[in-house]
Each structure stands twice: as structure tokens, then as C-alpha cells.
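What follows is a set of notes on a single structure, which appears directly below.
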Amino acid sequence: MGQGTLKAEVRTANGALPVEGAQVIISDKGGQQLYTLTTNADGQTDSVSLSAPDSATTMQPGGEAYAAYNVTVTKDGYIGENIVGAEVLDGIYQTQPVYLYPRYESGEESETVVVPDSSLKHDPPAGQQPKPTPSPFVPFTLADVVIPSRITVHMGAPSSTSAKNISVSFPNYVKNAAASEIYATWPQASLEANIQAIISLALNRVYTEWYRTQGYNFDITNDTRYDQYYKEGQTIPDNISQIVDRIFQQYIRRTGYKEPLFSSYCDGVTAACPGMSQWGTVSLANSGYSAMNILKYYYGNNIELAQTDRISDVLTSYPGYTLSQGSMNASVAVMQSYLNRIAGNFPALPKVTPDGRYGANTAAAVREFQKLSGLPQTGVIDRAAWNKINFYYLSVTKLAELGSEGQRVGIGANPPTATISQGSAGGNVVQLQFLINAIAAYYNGIPVLLEDGAYGPATASAVKAFQKQFGLTQDGIAGPATWKKLYEVYKSLNLDSGGGDIPVYPGAPLKTGSRGGNVDLIQSLLNALADDHPSIPRVIRDGIFGATTQAQVTAFQRLFGLTPDGVVGPATWNAIMNAYFYGDTGSAAPPPASAPPYPGVVLQQGSVGESVRVLQNALIQLSNRFSSIPKVTADGIFGPATQAAVLAAQKALGLDDDGLVGPLTWDAVVGGAVTPVPAYPGAVVQQGSYGESVRTVQIYINKLAGKNSAVPKVAVDGVFSAATHAAVLAAQRALGLTQDGIVGPATWAALVK
């Protein structure tokens, strides 16, 4: 049995003023009084010693960890407070914060706060999933990273209307979340790594306005299915408090990018997720890892700690005024860039030049967006339209997820067991919407949905359409029978076999006279490819293979060196899929200039993260040279398709084909994928351009910026925006080239050499 130390700190409700002379009674769980204390002028009591389980119990999952006591606080003129379950840890000095409200009526009774168990002790909520977050390759939402002076915590799931909101100072929020999520007895490096993750996750929620843009009036929840734990009545260990006071202005980010990393984590025992294992940090710290090395172990080597001295009220990206035709400023350029990215998933949305000028084309794009999102079609961007554009943008780029741009939703072996219906929200809803959309490409009567995790009327209608198509009860509810049929139909399409969710050839050619979802899919993808290849004509998406669609297919075939017969057979189908999903050359991303170092841990089925994505990109490169290596999706998830590609690569390269990526396989695959610098695309790349050529320019701009501080870094989003134009001008100036902001042959060669 060990001993811990506890004192109480009593303040007024807003935490501003100490309460002197309050009586504090500490009792055990059975109600036996152990100490009666009085607060001093600072609102604090003396520290007292209390029994607690030995600290060794906190070093392994399943231990008792801490003792729980009751703290009762009274003071004339205030409503008393009873805290049930104050935590005491062996060898740790802890403070019990207490906030008293003035008593305005004589009949007001004391309030009772029951402190829940630590998140490491209680079972995770049903359906716990990786916390949803940001891509290092996309623009930011707020203008800058700030530390909010106060953060508003919703004490329940996002959709819970009965849960209350609590406003708390940001450092106190971090202290509470850390004390609720981990044990203060852990090694120093483990504590610091976990606290850095807690800070960054919270700042990402603020920075991306994740909940605010969805119409909620809070910044973060205390539901561990979505965010991180925050407990009323939580005791605050002094060592955690000191760490937070020292580092609360620091946050994790990907090297060279601004936004705080959505540093998802879970305990690693009762729940698994992409990101950090809380218990795993203890083992690493005991093995000599520093806090930074622990973070790199879980989040990859391309992270760094940034610091901001800006502490302010929570900001909103909305400029405070309506944008309309005639507006000309940076806010217009941001919205144009976001609309262009959204158009990548919604081909009916026209793209515009992100030049900061709100002209007729921008107004038309806004009206089309308002139409698809259910807003009044005014063609102007007011606060409601601004928030909706932000939310769609975050959804399609997955800015508020640990995974980066391009990660696709997959499905597990078995359907979810939860029944969901209109009003539901969360991961199961995203899963449902993903399945509906995949199937809709093949069944024309099923509408396509926004994968936003909200089960609204549109989702209910799509579920009814699916149920009608497959002879189920048309109630719009996803119960066991509907889930089972969704999985059966999805798997019957063999969408998983080709590496992720890329549709495979349907088995019969599409030609003049064909109709249905497959024709609609081809029309949609070719329309999207037309943005980068003007020789491909755009057509009306109607699911009917007529003369215009035949001409569109023929133009694609000529451009990509196929027989121009206007028929979508296996070769043309696969070429369209490769061009759309992998880029013109079949590459998911331009190859690195040199092979990234081995990540230090064996990659295998079940692994996730940036190292897996690097591996997948290398496999895609190698598949262009070895036809035996199947294409995969660079989604950062090591699934069966990636394992099959690894096995094929190992055979092709003469390695032991065990499907495991250790140092030898990493060096052979990733090192073997490095190819010469990318060739000039044949046409100038300039403001208004889109696609892989722009991404390549942006990647090499950022490489140059790492060596020359006069060149600003840019978002690698494939959109040649005003920011990219400015960066090209700076690069041309640094390289001694003509400064015209246009990437022609000379500028291209100088950038990529």
C-alpha cells in the first residue's frame, strides 16, 4: 500500500477568485471522515496524506491504480459541493479543484459531482473508433494557429441535446484531460508525449472549427468515441500541472505545415486505433525513448513541435461579412480553392479560377454548391454558406482525421451490429454512406450521398432506395438485415479485390446503347479528367451511352494510347480508373528524390500510418515496371490488397515472400521505386491549372523552401492558387529565372533537378 497527497483549491464558479474560510471534509468511500480542513486566503487547504494502491499497479493494464475519496466543501453564502470519487495516486501530489456558486435562495441544496473512472479503467463506449482529424497536404481553415483563452467542452456525444457545455481555460482543460486519460505515475517521457497529443488534438478541433462549422456551439466533446476525456471533479496531479504550464503553447504538426496534427490515440488494450497507444508509451519510455521519439514512433518521422505565442478567444474563419459578386479579397480566394476541391468529389460543381475575384463564374459555382447542399441558391456566401463550404471541404479532404488526403473508407469482415436511423451520427453512418455510394455506381436507382456521418433525410431516402432494389422492408433504417445485404452486395462487386474501393471492370463492355450506373460512373470520371486534359470533352451525366459519350471515350483512348474504338472494354476501363485514381502515369504521388529511411518497425497487415502510405506509393511505382505487382490504393492502411502487393514485390525482387516489410524489404521496395525526376508535362503550369502537374510543382517548391527561407511553402493540393503563384515567383527569383509566375520548361527543369 502506498501514500498519496491531496489538497483542495476552492474558487468562485468562474475560477477567478479564491474562497477563504471554506470547510473541506475528506472521507473514505464508506463515509468515515478522515480530515476536516479550512481554506486559506489563496483558497487552498493544507496537504494531507492518504492511502493509495502501490504505484506499480499503474504500470500495467488492469491494476487498481488509485484510491477514491469523497470531498465535501461548504461555505456560508455559497452552494456546497460534494465530490464523490476524488482520485489519489501513490507518490503523487494532487490538487482537487472546487468551484462554488453563490447561494441566492435559502433552499438551494448542495450539488454532487460523481467523478467517473479514468478512461484507462472503464470499458470504451460501444462502437469506439479511431477519433475522426488533418491532412498535412491541404490548406488550413483558420488564418493562424492560436491558443484559445477558453475552450467549450460538450459533456457528451456531439448529437446529445441533454449534455451541458462547460467553458474552461485551455491550460486547465489540458490538465483535466491528461489526468482523466493517463496516470500521473507514468515515466516523464510518457507523460509529456501523451500531453503533447492531447494539446494537438484539441487545437486541431479549434483550428478546423470541426464542430462550429456543423452548427454546434462548442469546440470539443468529452466523448472518447470522438475526442478525449474531460471529467467534472477530476483531481489534478501537480506533475501533470507543471508539464502543461510549460508546454501548453506547443503542438505537433507535420514538418513544413501549419495545422496542428489530429493526434489520435487510444489505450491500445481495450481499443485499437491509428495513432498512439497510451500504454505503449509507458513501455517505450521505460526503454529510453524521449517524448519526441515516442511521438515519432507513432505518428511518423515527419513531425515537429511548433509553438505559438498567440493566445486569444476562439476565432472563426468567417470574415464577418457576406461575399458576393464584386468582392475581391483573400477570403474569396480561400472559398474558391475550397469549392474547387469539393468539385473533385462532386463533378457537377464547376471549377473556378482561385484569383480572389468574385465574378459570375464564382457566383454560379456557389449557386450549384448551395443546390447540392440544400441551401437557398443565392449565389452569395453568407455565414451559413461559409460554414457549409468549410464542412464539405473538411469532409472531402478528411482534414479532421489522422489520415491524410486520399484515404478511403474500407469495410471490415463483418457488418456493424448497431441499428442506426435518421438522427444517428458517427462512424457507422459514414460506413453506411460509403457502402451506399459504392453500390450506387452500379445501380442507377440509388442516389449518391455526402459521406458526412450525419443520418439525415437524404441518407434515409437512399437506404429506402437500396432496400427497394434488393427486396427488403423499406423503412429507411439500417438494421441487421440491411447491413447484411449491404455487405453482400458490396463484396459481390469485388471492389475490395483491386486495392481499396476502386471499381473493377463489370464484366461486359460499355458501348453505344448501354445504360445504368456503370455508364454514369465512366461519364463522371471522364468529366473530372477533362479538367486536366482539355482534349476530353465533357458530357451530361445521364447514365446513357450515346454519341457524346462515345466521342468522350474515343478522345480519352487517343490521349492514352489505346485503340480509339469508343468502347469501354477491360483495357479502357482500367486505364480510366488508373488515370483518375492514380494520375496519368499510374502514380499516386511523384516519387521521392531519395528513399525515405526504414521506419524502425515491421509493417504488416493491420499497420496504419504515413510509413504504410510511403510503402504503398513505392509499390505503385514498382507496379509500372513489374506487371505481376497489383495496384494498391495509397490510403495508409495495410490491408489484404497491400499484403498481396508486398508478396508480389518480394517475389519480383528475389526476397523472402513472407508479406512482412522489414528493413530488407523496405530498402528493396521503397529504394527500388525511386525514379528519375518527373518529366515536363508538355504544357505550361500556371494560375488556374489543376492536377498532378501542379502537385509536382508544389512538392518541389516546398523542397526548395526547405533550403531557401525566401521561398514560402505551399499546400500540396493540386490547385495553382494565388499562394502557389507567389511561391513560384519567389522560386524563380531565388533560381535566377525570369519572374513571370508561370512554370514553363526552364522553370520546371530548375525546380525538379
Side-chain angles (χ1 to χ4, degrees), residues 128-133 135 264 266 268 271-275 277 298-300 398 401-416 427-428 430-435 437-439 441 451 483 486-504 574 577-578 581-582 586-589 599 601-623 626 628-652 655 657-662 665-666 669-670 673:
Q128 178 159 339
Q129 57 186 343
K131 298 173 175 68
T133 127
S135 161
S264 72
C266 54
C273 62
S277 162
Y298 287 110
Y299 300 122
K398 303 186 187 304
E401 298 179 15
L402 181 64
S404 66
E405 169 82 37
Q407 180 170 327
R408 306 186 191 282
V409 181
I411 66 170
N414 300 306
N428 282 335
V430 174
Q431 184 84 310
L432 171 73
Q433 292 166 331
F434 164 74
L435 290 166
N437 285 344
I439 294 167
E451 294 172 27
W483 277 119
L486 281 165
Y487 267 58
E488 287 176 359
V489 175
Y490 177 83
K491 290 183 177 181
S492 74
L493 301 174
N494 293 318
L495 297 182
D496 274 342
S497 63
D501 60 348
I502 297 177
V504 297
N574 291 332
M577 298 304 148
N578 287 336
F581 289 104
Y582 297 122
S587 302
V601 61
V602 173
L603 302 179
Q604 56 189 312
Q605 194 162 346
S607 298
V608 296
E610 193 59 31
S611 295
V612 176
R613 193 184 311 281
V614 171
L615 169 69
Q616 291 166 326
N617 281 326
L619 288 168
I620 293 168
Q621 294 286 336
L622 285 179
S623 70
F626 298 94
S628 60
I629 301 176
K631 286 281 197 298
V632 296
T633 301
D635 60 2
I637 302 172
F638 199 128
T642 299
Q643 185 179 45
V646 168
L647 285 166
Q650 289 173 325
K651 290 178 182 177
L655 303 170
D657 53 330
D658 57 4
L660 303 177
V661 181
T665 297
W666 176 274
V669 172
V670 178

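Numbering starts at 1 and runs along the sequence shown. This is a predicted model, so every value here is computed, not measured.
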Starting at CG of Leu615, measure out to CZ of Arg613 and round the result to the nearest 0.5 Å. 11.5 Å

For Pro640 versus Gln605, what's the shortest heavy-atom pair and its separation? CG-NE2, 3.5 Å

I would like to know whether Ile620 and Val632 meet side chain to side chain contact (heavy atoms under 4.5 Å, CB included); could you show each step before the answer? CA-CA 7 Å; Ile620 293 168; Val632 296; 4.0 Å; yes

Ser607: partners by side chain to side chain contact (heavy atoms under 4.5 Å, CB included), with sequence neighbours left out: Leu603, Gln604, Val612, Phe638

Check whether any side-chain heavy atom of Gln616 lies under 4.5 Å from a side-chain heavy atom of Thr633, and answer yes or no. no

Using side chain to side chain contact (heavy atoms under 4.5 Å, CB included) as the criterion, list what pairs up with Ala649, not counting sequence neighbours. Leu619, Ile629, Val669

Residues that Gln643 engages under side-chain hydrogen bond (donor to acceptor under 3.5 Å, both in side chains), provided they are two or more places apart: none

Quick one: are Val670 and Val614 in side-chain contact, heavy atoms under 4.5 Å? yes

When every non-hydrogen atom of Ala648 is compared with those of Pro630, the smallest separation belongs to CB-CD, 3.8 Å

Across all chains, not counting sequence neighbours, the side-chain hydrogen bond (donor to acceptor under 3.5 Å, both in side chains) partners of Asp657 are none

With a 4.5 Å limit on heavy-atom distance, are the side chains of Ser628 and Lys651 in contact? no

If you look at every heavy atom in Tyr298 and Gly275, which pair is closest and at what distance? CD2-O, 3.5 Å

By side-chain hydrogen bond (donor to acceptor under 3.5 Å, both in side chains) - contacts of Ser611 (at least two apart): none

Taking every non-hydrogen atom, the tightest pair across Pro415 and Trp483: CB-CB, 3.8 Å

Does the Tyr299 side chain pair with the main chain of Ser264, one donor and one acceptor, at a distance under 3.5 Å? yes

